[in-house]
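Labels below follow one simple rule: chain letters A, B, ... track the order of the sequence lines, proteins then strands, and each chain is numbered from 1.
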Amino acid sequence: MPELPEVETIRRGLAGPITGRTIKRIRIVDPRVVKAPGPAEFVRLVTGRRIVGLRRRGKYLCLDLEPAGHLLVHLKMSGRLLHRRLSKKAGARVPTGLGHLLLFLDDGFLLYYHDTRRFGGFHYRTDDPFPALALGPEPLDPDFSPARWRRILVGRQARIKSLLLDQQAVAGLGNIYAAEALFRAGIRPDRPAGSLSGAEAGRLYRSMRAVLKEALAAGGTSIQDYRQADGRSGLFQVSLRVYGRRGEACPCCGVPIKACREGSRTTYFCPGCQH
DNA sequence: CATGGGACCTGCCAGC
DNA sequence: TGCTGGCAGGTCCCAT
Ligand SMILES: [Zn+2]
């Protein structure tokens, strides 16, 4: 589910409230969301640590801990990272089913992870995990230039849609925003990446950044599972132009949106607008 | 090396 | 109404 705009929305919502807080207590409700190390060791390592930062790289989040350690988090398809005040009433209990991993903070708030499909979860790492992730550039970074984007495309025969999904080429796009960026740029998803002209590469650079920025401003795209850290839905789903709109009239030319399988994933595009 | 398919899981929804 | 199959925002692993 969550792509760059969703993960960054969560980061922005959480960074202020949880920075400086100490993790008082941990409850692992479903051990499948604790990826490493084992549950007992995870609790031992993380309990009592203070959160001093929350960073994002691609679709990953990292909670930096003091005096040492990091929590690497990936939401995969259905993960939610949420934050709420706990009831102060004596004997009040955390509602069952609230989350699969609960981190009780020292200010009376709960930081918790819920993942319907259990694909995502937490890794404890001694060292900063980001340098080892082998991810491509951040598309919204100031030093991600059109020239750098062109260098990524040159000579690549992979289909452009696959390349947009390749986190080692550029980090943070997923199935929704890859389709939306290609639609806005007027480029068919099955074109070989290296076959794009300079003008097409430039259009894709601009449309990729534009759609990510607009989605971020809207708090992300909520279809099923994604929520902001305070539980609210994102709003960008109403602004999607092709994703999930098979058979609907293209907002630009009126031709029905087509869907095809690209690998094992559905790709949406307009046969009238994209060439 | 690049590409494709399956695995990992659960829930939802369309269609019968 | 109730069941069934297909499908879902991601990534990893293995076979070809
Ligand atoms: Zn069109």
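- Using P as the reference atom, C/dC7 and B/dG5 are 14 Å apart when rounded to the nearest Å.
- Between A/Arg32 and B/dC8, a side-chain N or O to OP1/OP2 separation shorter than 4.0 Å is absent.
- Closest to the A/Arg159 side chain, of the nucleotides B/dG4, C/dA8, C/dG10, is B/dG4.
- Here A/Lys59 does not pair with A/Glu3 in a salt bridge; the nearest charged N to carboxylate O distance is not below 4.0 Å.
- Phosphate proximity of C/dT11 to A/His74: present, with a side-chain N or O under 4.0 Å from OP1 or OP2.
- Computed from coordinates, the A/Leu61 CG to C/dT11 P distance equals 12 Å when rounded to whole Å.
- Contact annotation: A/Lys59 side-chain N/O to C/dG10 OP1/OP2 distance is under 4.0 Å.
- No salt bridge links A/Lys76 with A/Asp115; every basic N to acidic carboxylate O contact stays at or beyond 4.0 Å.
- For A/Arg117 against C/dA8, a side-chain-to-base donor-acceptor contact under 3.5 Å is present.
- Atom CG of A/Asp225 and atom C1' of C/dG10 are 13 Å apart (whole Å).
- Across the P atoms, C/dC3 and B/dC9 are found 25 Å apart, a figure rounded to whole Å.
- A straight line from NZ of A/Lys35 to C1' of C/dC12 spans 12 Å, rounded to a whole angstrom.
- OP1 or OP2 of C/dA8 has not a single side-chain nitrogen or oxygen of A/Arg246 nearer than 4.0 Å.
- Remark: DNA chain C takes part in the stems B:2-8 with C:10-16, B:10-16 with C:2-8, each of 3 or more antiparallel Watson-Crick or G-U pairs, criterion distances under 3.5 Å.
- Judged by ring centres under 5.5 Å apart and planes tilted less than 30 degrees, A/Phe119 fails to stack against the six-membered base ring of C/dT11.
- The separation between A/Glu8 atom CD and C/dG9 atom P is 22 Å, rounded to whole Å.
- Spacing of P atoms, C/dT11 relative to B/dG11, comes out at 22 Å, to the nearest Å.
- Close to C/dT11, at under 4.0 Å from its OP1 or OP2, lies a side-chain N or O of A/Gln167.
- A/Leu135 forms part of a hydrophobic cluster together with A/Tyr60, A/Leu72, A/Phe130, A/Leu133, judged by ILVMFWY side-chain heavy-atom separations under 4.5 Å.
- Comment: A/Asp230 does not engage A/Arg84 in a salt bridge, judged by the lack of any side-chain N to carboxylate O separation of less than 4.0 angstrom.
- Rounded to a whole Å, the OH atom of A/Tyr226 is 24 Å from the P atom of B/dT10.
- A salt bridge between A/Arg241 and A/Glu248 is absent, with no side-chain N of the basic residue lying under 4.0 Å from a carboxylate O of the acidic one.
- Within 4.0 Å (heavy atoms only), A/Ser264 reaches no atom of the nucleic acid at all.
- A salt bridge links A/Arg55 to A/Asp128: at least one charged side-chain nitrogen sits closer than 4.0 Å to a carboxylate oxygen.
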Verdict with reasoning, A/Phe183 to A/Cys252, per side-chain contact (heavy atoms from CB on, under 4.5 Å): CA-CA 10 Å; A/Phe183 171 76; A/Cys252 222; 4.1 Å; yes

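- Spacing between atom CG of A/Asp115 and atom P of C/dG9 amounts to 15 Å, rounded to whole angstrom units.
- Remark: A/Thr266 is in phosphate contact with C/dA8, judged by side-chain N or O atoms under 4.0 Å from OP1 or OP2.
- At a threshold of 4.0 Å, the pair A/Asp127-A/Arg125 does not count as salt-bridged, since none of the basic side-chain nitrogens sits closer than that to a carboxylate oxygen.
- Between the NE2 atom of A/His114 and the P atom of B/dG11 there is a distance of 9 Å, rounded to whole Å.
- If you measure from atom CD of A/Gln224 to atom P of C/dG10, you get 15 Å, rounded to the nearest angstrom.
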Per-pair distances, 0.1 Å, donor-acceptor, side chain in residues 12-24 of chain A, under 3.5 Å, sequence neighbours excluded:
{"residue": "A/Arg12", "atom": "NE", "partner": "A/Glu8", "partner atom": "OE2", "Å": "3.0"}
{"residue": "A/Thr19", "atom": "OG1", "partner": "A/Ala15", "partner atom": "O", "Å": "2.5"}
{"residue": "A/Arg21", "atom": "NE", "partner": "A/Asp106", "partner atom": "OD1", "Å": "2.6"}

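- Within the 4.0 angstrom heavy-atom criterion, only backbone atoms of the sugar-phosphate kind lie near A/Tyr60; the bases stay farther away.
- Side-chain nitrogen and oxygen atoms of A/Arg261 include at least one within less than 4.0 Å of the OP1 or OP2 phosphate oxygen of C/dA8.
- Look at A/Tyr243 and you'll find a side-chain N or O under 4.0 angstrom from OP1 or OP2 of C/dG9.
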